[in-house]
Structure formats: C-alpha cells, structure tokens
Amino acid sequence: MIARQPMLEHDPRERIRNFDEVALGYDAERAVLEAERCLQCENPTCMKGCPVNIDIPGFIAHIKEGNFDLAIRKIKEKNHLPAICGRVCPVKDQCEKFCVLAKKGEPVAIGNLERFASDYEWKKGVEIPRKAEASGKRVAIAGSGPAGLTAAADLVKLGHEVTIFEALHVPGGVLTYGIPEFRLPKKVVEREVEYIKRLGVDIRTDMVIGRTITADELLRQGFDAIFVGTGAGPPQFLGVPGENLGLVYSANEFLTRVNLMQAYEFPEYDTPIKVGKKVAVIGAGNVAFDAARTALRLGARDVSIVYRRSEEEIPARIEEVHHAEEEGVKLRLLTLPTRMLGEGGLVRRMECIKMSLGKPDESGRRRPIPVKGSEFYIDTDTVIVAIGRKPNPLIQQTTEGLKTTSWGTIVADDFGQTSRSGIFAGGDVVTGEATVIEAMGAGKRAAEAIDRFIKQRKKH
Ligand SMILES: Cc1cc2nc3c(=O)[nH]c(=O)nc-3n(C[C@H](O)[C@H](O)[C@H](O)COP(=O)(O)OP(=O)(O)OC[C@H]3O[C@@H](n4cnc5c(N)ncnc54)[C@H](O)[C@@H]3O)c2cc1C
Ligand code: SF4
C-alpha cells in the first residue's frame, strides 16, 4: 500500500520571518501517487462529509489518469472556490473523516488533491463555463464571503442577474480580512473572486446594506430576491477589568490590520500595527492560532495561547495547531484571565486562574471550572482576545419582520428561507461562526431555493 503523500513545507525557523505560504502543495508526481491510494468506492462515504457534494472519487480518478483538466472541471461542477477549500477546509472533520481508509490508517488526502487540481488550473488558464439563457430576474446578495460568493456563482450560472453588495473595500469576507497570507495567500483569494466576476457577477464594494441602502429598498428597486451572507463580525470580549488598556486587541482588529490593510508592510502601507515581545492570545480556535502566528511574524519573541480547556478540546484545525507549535507558540491550557493590569495605560500583566474540567456542557465539551485559590500572573505586553464573534447585526435591525434568535443570528431553514418571503440567508449569519465549506454549502442550497422562488413567481 502506498503511504499518504506529505506536502512539502517551509522550514519553521525561516518561515516565521515572513508571511509566505507555509505549505507548498503537491507536484504532479505526488498528486498521482496520492490519487492511486483511493479505492474508488462504489458507495463513496467521503462525499457524506462534503457540504457541497463534490464527486470526490470522480475527480480523484481523473488525477490518477493524469487528466488534470477533467479533474478540475469535475470539482467545479459543485465548488467555485476549490483553491480556498483545498487550503483551509478542516478536512479531518469532513470528507477525510468519512474516507474508508481512515478506519484503519490514513485517509486519502482529498484536500491536498483538490488544492493541486485548482493550482494546476490557475497555471494553465481558467475555463469559464457556459451560463443558462438570461432569465431577466435580479438577485441582490449582501456580503462577499464564501456564502455570498457561492450563492452568486450558482445563481448567475442559472441565468439570473446577480449583484453582490459588500461593506468593505475588498471582497472575500474572512478569506480576505481574517485568514492570514501564510495559510491563504491573498492572490489566491483574488483569483477565485476574479473567476466569480468573470462568470458575470457584479460586485459593488463600500456598500453597507442597512446603512447605504436597506434590504427593503433593494426589493422596491426591483430585485426579485435577496440573499444575506453577512457572516460573523463584531468580536466578543471577556468583560474583565483592564480589557480597554493599550495593546489589548480583538483578534478581528489585529488580523484586519495585518491582512486587509497590510500593516506588516508599514510604512509602505499606511496602516500601523504595534506588537510587543511577550504576546498572550486568549482562545484556541483558528482565529486565535492565526493571531498567534501573525504576532510571531511581526517580531514577538514569546507567544502563548491561553485557553480555559485542555488540548483535547482545542477547536482549531489540527494542522494549524501543529504548525503553530513547530513555530514556537506555547500552549497555556486550563487557564482563564480574570483581570488585566497596566502601566502608563499599556497592558503589563494578566491575573489568571487555573481551571479544571467538569461534565460536558451544551457544546458537548467538558465545562471548565475555576480552581479556588489558584490565581497567578502572566507577564505580557500585548493581549489578543479571540474568544468568538457575534453575527453582523445591521440587516437584522433594519429589515421589518426578519426573525432572529436571542444570539442575533437570522432564523432560516436548511434552504435559507427566512421569516420574510423573498429574503434568504446562510453562512455564519445563520449558524454563528462555522467553516468556509459550511458557508458555501448554505450558499448553494439557498441558490437552489432562490431559483425555485423566482421561477414560481414568474407563473403568477
Ligand atoms: C481568522 C479566522 C480564521 C478562520 N479559519 C478557518 C479555517 O481555517 N477553515 C474554515 O473552514 N473556516 C475558518 N474560519 C471561519 C470561516 O472563515 C467562516 O466560517 C466563513 O468565512 C463564513 O463565511 P460567510 O460567507 O458566512 O461570512 P464572512 O466570511 O464573514 O463574510 C461576510 C461578508 O459580509 C460583509 N458584510 C457584513 N455586513 C454587511 C452589510 N451590512 N452589508 C454588506 N456587507 C456586509 C462582511 O464585510 C464580509 O465581507 C476562520 C475565521 C476567522 C475569522
Ligand atoms: S471513501 Fe476514501 S477511498 Fe473511498 S472513494 Fe472516497 S476518498 Fe476514495
């Protein structure tokens, strides 16, 4: 049996000095070898784990035969952003988890093969598929993250006229402002967005729906349906004393400065960023690990992840935890900050308490409980808070009759139908923070429902 093919990576000692992509991808020889590991199951269980339903054995068979053009065509029947999914999907919890080979050993490296096929296509030149005949119907999409981009691409291929309205000056959502260059190069996001534009989607930036124009106004202006894919934006804080001291950042602000505004190239780019030598990042999701690894690349010497649960409960992608540890990020587990203390307005120390784990809570993970009398201090000169984000609230607040949950997410069924006829929603704004592929799956299902809705209206 052929062993799972590893991906080449930059050396950790070198890579923490720059923002270059860490993983280098497969060459054709390795991709074919890896594809040969796939058993071409008649009942491919791997597909159960893919929210956009890619024909996984189908595209892998083409790679095995060396027919990379057919491989990428097969993937793109279902997935418009494969270069992105191949890099950031938590495959160990999705398609690869369900691969039959995972039962006894290493699953087929489905994500790496998807990345290979899409990178191959970009070197060679991208094919633009044919669209259906123009329907004369118009759809507005709020937000250009993976949910909005996917819904837009599917709808434009069905012949509808699609306009995306994006609040920021660059499209891509978290792919652009959140996930750093060393995991997802911005040129990869740009080229995937370029593909969506070439399909015929009109993207208008600097347009905040609910401020620049409301959802109801868009419907009055003649849009036949709206898809809301505004994601999760505003950060949560711990609510402890001292959290407003200087050099306490939300991960959102920290990452936006670096990724979207390119503050790591200050003063060439005019947005500054300041990071000290001893950085504490609170939280252990992808966002926390991205912030920690970014701080290292900005020159911090000592970076730790401060997490109230244990290693077993860490929610970030396994690969990224491994990469962070290789780069020297330390884990301070079972630790909760209770107070931040400063000097001259800047943070200097955090008072923390040790935690122990009790019975599982509603999230299914064991509940952390403070250990009495275990208070201690961590010296730090920069704190980055990465404990979660709430849904963007603007459209919910300005759209009459749009039902929301107590958490602020929009209430929608599996096909994105909200409490308002003609308004659909999907991605993080419905589920709360989740994953790129789940947001894409939601965009896809909503596009199907919007298409049905528009066609039914035609009959009246
Ligand atoms: C730092 C970080 C790292 C992550 N790493 C991973 C990972 O490795 N793998 C993974 O699968 N997932 C990861 N995630 C989660 C993933 O990125 C999200 O689940 C996904 O992007 C959600 O997609 P979305 O389209 O719903 O929303 P978003 O990507 O949040 O996009 C929403 C867009 O809507 C815009 N918008 C908001 N309000 C308005 C408005 N009123 N009008 C117009 N536009 C508006 C926003 O500016 C944004 O561009 C990460 C998230 C972060 C923050
Ligand atoms: S389950 Fe694994 S071996 Fe079977 S078709 Fe899918 S990728 Fe190939």
Side-chain angles (χ1 to χ4, degrees), residues 35 37-50 55-58 60-61 84-85 87-91 93-96 98-103 107-110 113 141-151 164-180 183-184 204-215 228-233 235 251-252 254-256 259-260 285-291 294 316-317 319-320 386 388-389 391-398 425-440 442-443:
R37 299 182 63 233
C38 173
L39 306 177
Q40 293 292 313
C41 307
E42 241 173 68
N43 171 21
T45 45
C46 51
M47 286 175 67
K48 273 201 244 161
C50 176
D55 176 356
I56 293 171
I60 293 182
I84 290 164
C85 291
R87 286 173 166 82
V88 302
C89 265
V91 283
D93 296 320
Q94 287 169 332
C95 50
E96 292 187 13
F98 294 94
C99 169
V100 285
L101 297 186
K103 283 189 193 146
V108 175
I110 302 168
L113 289 173
I141 293 189
S144 64
L149 291 173
T150 302
I164 296 185
F165 298 95
E166 165 57 48
L168 294 174
H169 61 288
V170 186
V174 168
L175 309 173
T176 299
Y177 77 76
I179 306 181
R183 277 212 294 136
L184 181 60
R204 302 209 193 144
T205 50
D206 298 312
M207 293 289 289
V208 186
I209 306 301
R211 281 273 184 283
T212 323
I213 186 166
T214 66
V228 182
T230 45
N252 239 37
F254 187 73
L255 291 171
T256 301
N259 296 325
L260 184 67
N286 283 318
V287 185
F289 280 90
D290 281 347
T294 298
R317 285 176 92 222
E319 292 89 335
E320 305 316 335
R389 300 173 307 136
N392 277 306
L394 212 50
I395 295 182
Q396 294 85 313
Q397 287 164 359
T398 54
D428 283 5
V429 75
V430 168
T431 55
E433 282 193 279
T435 63
V436 169
I437 194 73
E438 282 168 297
M440 290 176 62

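As the structure lists them, so they are numbered: ligands from 1, and atoms in each ligand from 1. Just so it is clear, the values below take in all heavy atoms, side chains as well, and ignore hydrogens, waters and symmetry mates.
- Short contacts between ligand 2 and T45, defined as distances under 4.0 Å to a heavy atom of the residue, involve ligand atoms 1 (S).
- The two residues N259 and P180 have their closest heavy-atom pair at OD1-CA, 3.3 Å.
- To the nearest 0.5 Å, the span separating CD1 on I179 from CD1 on I84 amounts to 8.5 Å.
- Heavy atoms only, all atoms of each residue included: C99 and V108 are closest at SG-N, 3.6 Å.
- When each of I209, V429, I141 is tested with T230 by the rule side-chain contact (heavy atoms from CB on, under 4.5 Å), just one qualifies, namely V429.
- Which parts of ligand 1 touch D290 is read off a 4.0 Å heavy-atom cut-off, strictly below it: atoms 1 (C), 2 (C), 3 (C).
- Heavy-atom proximity to G427, at under 4.0 Å, picks out these atoms of ligand 1: 26 (O).
- T435 places a side-chain N or O within 3.5 Å of a backbone atom of E438 that can act as its donor or acceptor partner.
- Near I179, meaning under 4.0 Å from one of its heavy atoms, ligand 1 places the atoms 3 (C), 4 (C), 5 (N), 6 (C).
- Judged by distance alone, with hydrogens and angles left aside, the side-chain atoms of N286 form no donor-acceptor pair with the main-chain N or O of A316 at under 3.5 Å.
- Rounding to the nearest 0.5 Å places CD of Q40 at 11.0 Å from CD1 of I56.
- Distances between N or O atoms of A439 and those of ligand 1 include no value under 3.5 Å.
- Of all heavy-atom pairs between I164 and G143, the closest is CG2-O, 3.7 Å.
- At least one heavy atom of R389 sits closer than 4.0 Å to an atom of ligand 1.
- In this structure, P90 is part of the shell of residues with a heavy atom less than 4.0 angstrom from ligand 1.
- Closest to atom 29 (O) of ligand 1 by heavy atom, among D206, V174, V287, is V174.
- Contact check for Q94 versus C50: no side-chain heavy atoms found under the 4.5 Å cut-off.
- The ligand atoms of ligand 1 that sit less than 4.0 angstrom from a heavy atom of F165 are 43 (C), 44 (N).
- Note: no N/O pair closer than 3.5 Å links L175 and ligand 1 by distance alone.
- Close contacts of ligand 1 with L168, meaning ligand atoms under 4.0 Å from a residue heavy atom, involve 47 (O).
- Given atom 9 (N) of ligand 1, the protein heavy atom at minimum distance is V88 O, 2.7 Å.
- For the atom pair I213 CD1 and R204 CZ, the distance stands at 9.0 Å (nearest 0.5 Å).
- Every salt bridge (Lys or Arg N to Asp or Glu O under 4.0 Å) that E319 has, sequence neighbours left out, goes to K92, R317.
- Taking 4.0 Å as the cut-off, M207 counts as a neighbour of ligand 1 on heavy-atom distance.
- P107 and L101 get closest at one heavy-atom pair: CA-CB, 4.1 Å.
- Among all non-hydrogen protein atoms, the one lying nearest atom 42 (N) of ligand 1 is I209 N, 2.9 Å.
- Formation of a donor-acceptor pair under 3.5 Å by the T45 side chain with backbone atoms of F98 is found in this model.
- Remark: ligand 1 atoms within the under-4.0 Å shell around heavy atoms of N392 are 37 (C), 38 (N).
- Looking from atom 18 (C) of ligand 1 to the surrounding protein, the closest heavy atom is D428 OD2, 3.3 Å.
- Closest to atom 6 (C) of ligand 1, if we only count protein heavy atoms, is N286 ND2, 3.5 Å.
- Nearest heavy atom pair, residue R389 against residue Y177, reads NH1-OH, 3.2 Å.
- Within ligand 1, the atoms closer than 4.0 Å to a non-hydrogen atom of V208 are 41 (N), 42 (N), numbered from 1 in the order shown.
- With G145, G233, A442, P171 as candidates, the residue nearest to atom 31 (O) of ligand 1 on a non-hydrogen basis is G145.
- Atoms of ligand 1 found under 4.0 Å from any heavy atom of G229 (numbered from 1 in listed order, with element): 32 (C), 33 (C), 34 (O).
- In this structure, atom 36 (N) of ligand 1 lies nearest to the protein heavy atom T230 CG2, 3.9 Å.
- With G173, A425, P146 as candidates, the residue nearest to atom 24 (P) of ligand 1 on a non-hydrogen basis is P146.
- The closest approach between a heavy atom of R183 and any atom of ligand 1 is below 4.0 Å.
- Considering backbone and side-chain N/O of A147, one or more are found under 3.5 Å from N/O of ligand 1.
- At least one heavy atom of E166 sits closer than 4.0 Å to an atom of ligand 1.
- The side-chain heavy atoms of T205 and L168, taken from C-beta on, include no pair separated by under 4.5 Å.
- For atom 14 (N) of ligand 1, the nearest non-hydrogen atom of the protein is A434 O, 4.4 Å.
- Of all protein N, O or S atoms, those under 2.8 Å from atom 8 (Fe) of ligand 2 number 1.
- Residue contacts with ligand 1 for R317 involve side-chain atoms from C-beta outward but no N, CA, C or O (heavy atoms, distance under 4.0 Å).
- Side-chain atoms of E320 never come within 3.5 Å of backbone atoms of F289 as a donor-acceptor pair (strictly under, hydrogens ignored).
- Panel note: side chain T294, backbone D290; a donor-acceptor pair is recorded below 3.5 Å.
- One distance of note links CG of L394 with OG1 of T214; it measures 10.0 Å at 0.5 Å rounding.
- Contacts with ligand 1 closer than 4.0 Å are made by side-chain heavy atoms of L255 only, the backbone lying farther away.
- A donor-acceptor distance shorter than 3.5 angstrom exists from the side chain of E166 to the backbone of S144, with no hydrogens or angles considered.
- Contact between E96 and I110 at its shortest, heavy atoms only, is OE2-N, 3.0 Å.
- Scanning the protein for heavy atoms near atom 27 (O) of ligand 1, the closest one is G231 CA, 3.4 Å.
- Among all non-hydrogen protein atoms, the one lying nearest atom 34 (O) of ligand 1 is G143 CA, 3.2 Å.
- Looking at D428, its side chain never comes within 3.5 Å of a backbone N or O of P391 through a donor-acceptor pair.
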